[in-house]
There are 2 protein chains.
Amino acid sequence: MAATQTTKEKVKQTAQKLFRERGYAAVGMRELAKEVGIQAPSLYNHYKSKDDLLREICFDMAKQFFAAFDKAVTTEEKSQRKLKAVIKAHINVIATNLEASEVFFNEWMFLEQPHLGLFKKQRFEYEMKFREIIDKGIKKGDFKKMNSKLIAFAIFSALNATYELYRSNEKLSQEEIAEDISDLLLKGLKS
Amino acid sequence: MAATQTTKEKVKQTAQKLFRERGYAAVGMRELAKEVGIQAPSLYNHYKSKDDLLREICFDMAKQFFAAFDKAVTTEEKSQRKLKAVIKAHINVIATNLEASEVFFNEWMFLEQPHLGLFKKQRFEYEMKFREIIDKGIKKGDFKKMNSKLIAFAIFSALNATYELYRSNEKLSQEEIAEDISDLLLKGLKS
DNA sequence: TTCTTTTGCTAACAAACGTTAGTTTATGGC
DNA sequence: GCCATAAACTAACGTTTGTTAGCAAAAGAA
């Protein structure tokens with residue numbers, strides 16, 4: 001185990017770290033290469049371009065979010081429990097991919113077309129999966145009747161910022177964060 | 001009224017728009033100048049540097065958040081009403097400065113020292129003012145006993161992302177957004 | 001061994017970057 | 001009308017950008 005990572009893996013990991021710290025546009029290929037321990041042109045043996053790197057980071061994360069959601073959504077039937085399950089799954093993906101998550105949330109806008117368009121589409125689809133659960137919950141009477149778009153948005157905002165929590169406070173466990181956040185939000189939704 | 005805006009004002013406004021759309025690092029001075037309708041070096045008649053521009057945008061917003069908070073905090077006594085008042089004030093500042101708010105929230109990291117440090121300090125102070133209200137509310141028994149840091153964070157996340165709501169859905173009024181969001185959060189806090 | 005693929009290197013390109021210098025034109029006060 | 005200041009211009013600076021070309025060393029397969 002703990003197989004020595006390939007250069008390509010090291011490039012990706014270092015890019016995630018630097019993109020997160022200083023922003024995609026502010027990080028140069030020379031700086032990235034230096035951190036990896038090679039020369040800038042050697043990066044192109046592993047990735048076609050700077051954009052190619054960002055693309056892999058962002059779309060790998062997207063894939064993870066979808067997979068975690070789909071796995072979680074099947075385990076529960078009741079609206080509250082179902083919503084709680086996907087909230088926890090979402091937070092779990094963030095927690096286990098801290099750096100990549102931040103790049104995913106904050107740097108996707110630098111993707112070039114046509115990948116930018118595809119990314120936006122996927123993101124929208126994912127958000128709709130969340131909203132469906134809330135809408136159904138409202139319809140079934142499990143949740144209070146309220147503006148679902150607005151509420152779904154508020155929930156999403158809180159979730160998508162949890163990476164800041166992990167970074168700012170090491171004492172909080174993932175369980176604790178997921179539990180408290182979903183409690184707060186679910187209680188607000190109570191009918 | 002509607003006084004014709006000075007060139008300096010136009011520069012700032014255009015910078016806000018471009019920085020928001022494409023990110024501070026991705027916007028060049030030539031592009032900014034072109035959008036304003038002047039040549040790049042002419043920008044330096046109004047601002048000392050690119051960083052100077054970002055600084056004015058960010059610190060002007062900071063000033064507005066503080067002023068709105070201080071004005072709102074005096075109007076109410078009860079914890080719930082007080083928290084609701086500052087939430088509304090915060091959302092109101094965002095709503096009336098949509099573009100500058102997004103720059104404030106997403107591009108501050110590109111500030112150079114020493115202003116970056118000052119900015120972080122102010123931001124922390126502002127967040128603490130919010131947390132104080134929550135902590136006092138918990139102590140007085142107005143709010144449920146819970147991890148205040150985590151909860152304060154969740155509230156902040158939802159608030160600070162409201163600009164996305166305004167951008168994505170024009171039908172929602174500012175009143176509606178402020179009312180629904182604070183309702184959701186306050187209900188979750190209920191003891 | 002020999003051949004092929006991978007992965008690194010140095011040198012260099014064209015373009016874009018923020019900014020400065022020096023000059024001209026427009027504006028407002030006396 | 002005269003002078004000072006503000007605000008625009010053109011030209012150019014040195015640096016950094018992402019990337020390509022061409023070549024050398026290492027690794028793996030036959």
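All values derive from a computational prediction rather than experimental measurement. Throughout, a chain's letter reflects where its sequence line sits, starting with A, and its residues are numbered from 1.
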Below 3.5 Å is the cut-off: list the nitrogen or oxygen pairs between protein and nucleotides 23-25 of chain C, distance only.
none

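- One atom, NE2 of H46(B), and another, P of dT5(D), lie 18 Å apart when rounded to the nearest Å.
- For R30(B) and dT20(C), the CZ to C1' distance is 12 Å, given to the nearest whole Å.
- With sequence neighbours excluded, no residue forms a side-chain hydrogen bond (donor to acceptor under 3.5 Å, both in side chains) with D51(A).
- Of the side-chain N and O atoms in S49(B), none sit less than 4.0 angstrom from OP1 or OP2 of dG18(C).
- For the helix from dT1(C)-dA30(D) to dC30(C)-dG1(D), the end axes, each set by the C1' atoms of five terminal pairs, are bent relative to each other by 20° (nearest 10°).
- Salt bridge E127(B)/R123(B): present, at least one basic N to carboxylate O contact under 4.0 Å.
- The one candidate from N92(A), T96(A), N97(A) that meets the side-chain hydrogen bond (donor to acceptor under 3.5 Å, both in side chains) condition with Q64(A) is N97(A).
- Across the protein-nucleic acid pair, E31(A) atom CD and dT19(D) atom C1' stand 17 Å apart, rounded to whole Å.
- Within residues 32-45 of chain A, the residues approaching DNA chain D are P41(A), Y44(A), by heavy-atom distance under 4.0 Å.
- Nucleic acid contact class of V11(B) (heavy atoms, under 4.0 Å, all strands): none.
- Contacts of residues 108-116 of chain B with DNA chain C (heavy atom under 4.0 Å): none.
- Using a 4.0 Å cut-off on heavy atoms, none of the residues of residues 51-60 of chain A approach DNA chain C.
- Atom CZ in R22(A) sits roughly 13 Å away from atom P in dT16(D) (whole-Å rounding).
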